[in-house]
Amino acid sequence: AQTVTQSQPEMSVQEAETVTLSCTYDTSENNYYLFWYKQPPSRQMILVIRQEAYKQQNATENRFSVNFQKAAKSFSLKISDSQLGDTAMYFCAFFYGQNFVFGPGTRLSVLP
Amino acid sequence: EADIYQTPRYLVIGTGKKITLECSQTMGHDKMYWYQQDPGMELHLIHYSYGVNSTEKGDLSSESTVSRIRTEHFPLTLESARPSHTSQYLCASGHGVNSFFGQGTRLTVV
């Protein structure tokens with residue numbers, strides 16, 4: 001069974017600074033997808049970034065980038081130039097077959 | 001934002017009542033999901049569907065039931081609500097590996 005671990009329950013960062021959220025996962029599969037989702041206080045989950053396991057190049061989406069280490073089963077999210085609107089719960093998720101497995105989440109607070 | 005809607009957003013109901021949480025999507029997605037999420041906690045898959053007349057139970061045991069009579073509609077029903085059912089319920093629909101989430105229904109059973 002696949003599992004997803006996020007070891008940082010809560011983090012904070014000053015506005016305009018950079019923060020990295022950690023995620024590790026466990027799977028015996030070779031082809032899968034990894035995601036970071038953001039859940040602001042309004043509670044609608046929004047996709048932040050997606051990584052295909054077969055791609056070696058790390059995904060980047062504006063201020064958001066990942067460090068995907070397949071051998072280490074690590075998938076961290078870096079947020080550059082943090083903004084107040086980045087305050088949210090961030091969930092790392094693993095997708096294989098048809099369904100997702102979500103990590104427990106990291107609550108990120110961006111401080112003015 | 002994706003076109004997936006959940007109603008109601010908030011619901012407070014007495015023990016023993018029957019309730020149905022609505023979820024609708026206008027994207028024509030075959031895959032739809034229900035997750036249960038306690039505040040600040042991870043999501044647990046309780047039901048999913050890969051198309052009309054297809055429903056399966058998820059990883060987390062739930063006393064709820066679902067139906068999928070139409071592609072766009074995936075309601076979740078609790079026949080007899082209990083305080084242990086108090087939680088947030090998130091609906092999602094998907095195409096390929098992409099999923100889109102509704103805003104959730106926060107259910108409180110008193």
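Below, read A as the first sequence line, B as the second, and so on, with proteins coming before strands; counting in each chain starts at 1.
B:L21 and B:Y33 are not part of a single hydrophobic cluster, where members link through side-chain heavy atoms under 4.5 Å apart. Connection of B:L78 to B:V66 is established within a shared hydrophobic cluster, with ILVMFWY side chains joined at heavy-atom distances below 4.5 Å, either directly or through further cluster members. The cluster map of Ile, Leu, Val, Met, Phe, Trp and Tyr, joined by side-chain heavy atoms under 4.5 Å apart, puts A:L108 and A:L47 in different clusters.
One finds the CZ atom of B:F101 at 11.0 Å from the CD1 atom of A:I46 (value rounded to the nearest 0.5 Å). A distance of 12.0 Å separates CE of A:M45 from CD1 of B:I4, quoted to the nearest 0.5 Å.
Residue contact with chain A, scored on non-hydrogen atoms closer than 4.5 Å, involves the backbone and the side chain of B:L43 alike. Only the side chain of A:Y37 comes within less than 4.5 Å of a heavy atom of chain B; its backbone N, CA, C and O stay farther away.
Contact annotation for residues 5-34 of chain A against chain B (heavy-atom separation below 4.5 Å, listed by residue number): A:Y33. Heavy-atom proximity under 4.5 angstrom to chain B picks out nothing from residues 75-85 of chain A.
Here B:Y35 and A:F100 keep their ring centres 6.0 angstrom or further from each other.
A:N99 places none of its side-chain heavy atoms less than 4.5 Å from the side chain of B:E56.
Closest approach of B:V97 and A:F35 over heavy atoms only: O-CZ, 3.2 Å.
Within a 6.0 Å radius of CZ in A:R50, more than 12 heavy atoms belonging to other residues, nucleotides or ligands are found. For B:H95, the NE2 atom counts as loosely surrounded, since its 6.0 Å shell holds 12 or fewer non-hydrogen atoms of other residues, nucleotides or ligands.
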